Amino acid sequence: MFALIDCDSFYVSCERLFRPDLKTTPVAVLSNNDGCIVSRSSEVKAIGVPNGSPLFKVRDQLRRAGAVLFSSNYTLYGDLSGRVMATLQSQSSETEVYSIDEAFVSLHGLPRSSWEEYGLQLRSAVYREVGIPVSVGLASTKTLAKLATRVAKRGEGVCALSHPDCIADTLRQTDTADVWGIGPRFSRKLALHSVFTAEDFISLPERWVQQELTVVGLRTHRELRGIPCIPLERAPPPRRTMVHSRSFRGRMTSLEPLQEATASFAARLGAKLRRHELNASWLRLFLVPPRNSGLSGRGLSGSLPWPTADTRALIQLTHRLLSRLWDAGFPCTKAGVMALELSPRKVMQQSLLSQPPDPAVMAVLDAVNARLGRGTVRLAAEGVEHEWSGKRDLCSQRYTTRWDELPVIGEGAGR
DNA sequence: TCTGGGGTCCTAGGACCC
DNA sequence: TCTGGGGTCCTAGGACCC
């Protein structure tokens, strides 16, 4: 038995928290590079702008509606997400942080008759402590709790799917594509067999579902019938990969800026590995051509001399890989560095033949940058100007994590 | 002209081993 | 002419999630 707590239009809600003047204005938040819409206020949803739509396709429509746009500000969203999760953890010891804006809470031992009241309690606690509106769905499995949250968002903010009739009604009114675990491909495949709703789906025989949709589909099938298959994960499973990648403002036509970009990606990846107390044993560099070029991406992997998160080692290998991968004729619009074969820092295998770099150097670098801002101390290879860097023209302040960007109230506000 | 970034899991097929 | 059965590991591709 689970409650799913899902923040309403999370990124938009974060922006509005510090811009109460936008409470009733249509607001949308853009992806990295200001490319797509990734979060919409209810007013933007109402004018029919789909989530994920490329900005250039809906720009006029948004302008006519008087919408305000923001570049994504993950520093702000990450900080507010932490506050939401901490509030939920103060309400229950059995919580799973599922994504930046969602968490599951176990309802173990709580009678069905109290579900709704508990949902209301969680909802008001988060709004009181953080100021972010959330919807809560409660049900016997995670997949049903997801459905309940969809219902909650259309209505009162809380929906407990505790009665069989109520579950049956919901399944009848839900398209397969709106079920957690059924994506566009599976949904299209099901439609070919005249399966359109979640109700149609659960009437299919298990054997057929497993054959066509693998065990993943079978799990969804059972979860919709109230058989729990996906447990609460109180601790996140160990990470297997870590990536840093970005699109460029234009095309990379010469090697030097690409060297600079990939070095700074490797540096960001190193910092992230160190934050998670992980080392990588393998590194993969990949280059991506424009979406409609007909070309496929290129990648190359190489092993590090020891498991490490040292920026210097990561950049060195990245550049070695780049020199083998680089081809002036390849139209590179995006690149990334991926860390593979991750291991916890504390169980590092020593080498007989060579000494890994002293971790104290990176510790000092991280400490300085934590205090004075990211990139204050960096390697020369990362460059300075970053002219290749993508668009991010509409970004709000980091209100909660930078002294010099705190919101100002009263006289002189709105600078 | 312009379409993000970061993850996981499953399956099929090939290589290899005994 | 006739050539087994069982297992593991790896990779690429496909599907999903937020």
Side-chain angles (χ1 to χ4, degrees), chain A residues 4-7 9-11 28-39 49-60 70-74 77-78 81 85 96-104 142-143 146 149-150 176-190 209-220 223 229-230 233 236-251 265 268-269 272-273 276 278 282 284 286 288-293 296-299 301 331 333-342 389-395:
Chain A
L4 172 64
I5 296 87
D6 188 324
C7 300
S9 309
F10 181 54
Y11 299 166
V29 176
L30 306 171
S31 64
N32 273 306
N33 224 7
D34 290 350
C36 306
I37 310 284
V38 292
S39 180
V49 171
N51 200 25
S53 42
L55 178 58
F56 74 90
K57 281 191 182 167
V58 293
R59 179 172 258 139
D60 287 341
F70 288 94
S71 302
S72 35
N73 182 347
Y74 287 104
Y77 311 151
S81 170
M85 301 309 166
E96 171 187 342
V97 175
Y98 177 67
S99 74
I100 193 166
D101 69 338
E102 287 168 280
F104 288 103
K142 282 183 166 181
T143 306
K146 275 271 186 185
T149 305
R150 273 176 52 82
T176 56
D178 295 327
V179 172
W180 189 47
I182 301 182
R185 295 297 178 92
F186 283 173
S187 169
R188 231 176 299 151
K189 185 177 218 167
L190 289 169
V209 174
Q210 170 154 14
Q211 218 162 51
E212 299 293 324
L213 272 53
T214 78
V215 298
V216 183
L218 180 58
R219 213 150 46 208
T220 302
E223 283 248 321
C229 303
I230 310 172
E233 284 183 12
R239 226 177 231 278
R240 311 181 62 85
T241 61
M242 198 177 269
V243 178
H244 187 87
S245 72
R246 282 290 178 277
S247 300
F248 302 123
R249 193 171 280 256
R251 281 184 195 189
F265 296 171
R268 294 285 295 274
L269 184 62
K272 193 168 160 191
L273 284 167
H276 286 80
L278 290 168
W282 279 80
R284 182 173 182 83
F286 58 92
V288 183
R291 201 171 280 257
N292 292 323
S293 63
S296 47
R298 300 178 178 191
S301 309
T333 53
K334 171 179 173 176
V337 185
M338 187 184 302
L340 306 152
E341 308 241 323
L342 308 185
S389 154
K391 266 195 294 195
R392 197 161 175 261
D393 300 335
L394 307 164
C395 204

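So that the names make sense, note that chain A is the first sequence line, chain B the second, and so on, each numbered from 1. Note: hydrogens, waters and symmetry copies are ignored here, and every other heavy atom, side chains too, is used. From a predicted model like this one, the values you see are computed outputs, not experimental measurements.
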inquiry  = So, OP1 or OP2 of B:dT3: does either fall under 4.0 Å of a side-chain N or O from A:Ser247?
reply    = no
ask   = Tell me: NZ of A:Lys334 to P of B:dC2, nearest whole Å?
value = 16 Å
query = When we call it a touch if two heavy atoms are under 4.0 Å apart, what does A:Asp101 touch: a base, just sugar-phosphate, or nothing?
reply = sugar-phosphate
request  = May I ask you to verify if any side-chain N or O of A:Thr214 is less than 4.0 angstrom from the OP1 or OP2 atom of B:dC9?
outcome  = no
request  = Provide, to the nearest angstrom, the distance between the CZ atom belonging to A:Arg251 and the P atom belonging to B:dT1.
outcome  = 12 Å
Euclidean distance, A:Tyr74 OH relative to A:Asn32 CG, rounded to 0.5 Å = 5.5 Å
ask   = Has A:Ser72 got a side-chain N or O lying under 4.0 Å from the OP1 or OP2 atom of B:dG4?
value = no
inquiry  = Within the structure provided, determine whether A:Lys142 and A:Leu4 are in side-chain contact (heavy-atom separation under 4.5 Å).
reply    = no
Polar contact flag, side-chain donor to acceptor under 3.5 angstrom, A:Ser187-A:Thr176 = yes
ask   = Rounded to whole angstroms, how far apart are CD1 on A:Ile100 and P on B:dG6?
value = 13 Å
request  = For DNA chain C, write out the stems as range with range, using runs of 3 or more consecutive Watson-Crick or G-U pairs with both distances under 3.5 Å.
outcome  = B:5-18 with C:5-18
ask   = Charged N to carboxylate O below 4.0 Å: is that the case for A:Arg392 and A:Asp34?
value = no
request  = With rounding to the nearest 0.5 Å, note down the distance linking CD in A:Glu102 to SG in A:Cys7.
outcome  = 8.5 Å
inquiry  = Within the structure provided, determine whether A:Leu213 and A:Lys189 are in side-chain contact (heavy-atom separation under 4.5 Å).
reply    = yes
ask   = Nearest-Å distance, CE (A:Met338) to P (B:dG6)?
value = 10 Å
query = Given A:Arg246 and A:Lys334, is the side-chain contact (heavy atoms from CB on, under 4.5 Å) satisfied, shown in steps?
reply = CA-CA 6 Å; A:Arg246 282 290 178 277; A:Lys334 171 179 173 176; 6.0 Å; no
task = Just compare B:dT3, B:dT8, B:dG5 and give me whichever is closest to any side-chain atom of A:Arg291.
result = B:dT3
Among B:dG4, B:dT3, B:dC9, the one nearest A:Lys57 by side-chain distance = B:dT3
request  = Assign A:Ser53 to base, sugar-phosphate, or nothing according to its heavy-atom contacts below 4.0 angstrom with the strands shown.
outcome  = nothing
ask   = Can you check the A:Tyr77 OH to B:dG4 C1' distance for me, whole Å?
value = 13 Å
Closest to the A:Ser245 side chain, choosing from B:dG5, B:dT3, B:dG7 = B:dG5
request  = Name the closest nucleotide to the A:Phe56 side chain, picking from B:dG4, B:dC9, B:dT3.
outcome  = B:dT3
message = If you assign A:Gln210 and A:Lys272 each to the DNA chain B nucleotide with the nearest heavy atom, which residue ends up on the more 5' nucleotide?
response = A:Lys272
inquiry  = What does the B/S/- profile of nucleotides 10-17 of chain C look like, 5' to 3', with a 4.0 Å heavy-atom cutoff to protein?
reply    = -----SSS
task = Rounded to the nearest angstrom, tell me the gap between atom CZ in A:Arg246 and atom C1' in B:dG6.
result = 10 Å
request  = Ignoring backbone atoms, establish whether A:His244 has a side-chain N or O less than 4.0 Å from OP1 or OP2 of B:dG6.
outcome  = yes
message = Between A:Tyr98 and A:Trp180, does the ring-ring contact (aromatic ring centres under 6.0 Å, His included) criterion hold? Intermediate values first, please.
response = CA-CA 13 Å; A:Tyr98 177 67; A:Trp180 189 47; 5.6 Å; yes
inquiry  = Can you check the distance between B:dC16 and C:dG4, where both ends of the measurement are the C1' atom (answer in whole Å)?
reply    = 16 Å
key: Intermediate values then yes/no, side-chain contact (heavy atoms from CB on, under 4.5 Å), A:Phe10 and A:Ile100   = CA-CA 9 Å; A:Phe10 181 54; A:Ile100 193 166; 4.0 Å; yes
request  = Return no unless some side-chain N or O of A:Lys391 is found under 4.0 Å from OP1 or OP2 of B:dC2.
outcome  = no
query = CG of A:Asn33 versus P of B:dT3: gap in Å, rounded?
reply = 8 Å
request  = Would you mind telling me which residue lines up with the more 5' stretch of DNA chain B, A:Tyr11 or A:Arg240, judged by nearest nucleotide?
outcome  = A:Tyr11
ask   = What is the distance, rounded to the nearest whole Å, between atom CZ of A:Phe286 and atom P of B:dG7?
value = 10 Å
inquiry  = For the CZ atom of A:Phe70 and the CG atom of A:Asp393, what is their distance to the nearest 0.5 Å?
reply    = 14.0 Å
message = Quick one, A:Val243 with A:Leu269, criterion side-chain contact (heavy atoms from CB on, under 4.5 Å). Give me CA distance, side-chain angles, the key distance, then yes/no.
response = CA-CA 7 Å; A:Val243 178; A:Leu269 184 62; 5.7 Å; no
query = Phosphate oxygens OP1/OP2 of B:dG7: is one of them under 4.0 Å from a side-chain N or O of A:Arg239?
reply = yes
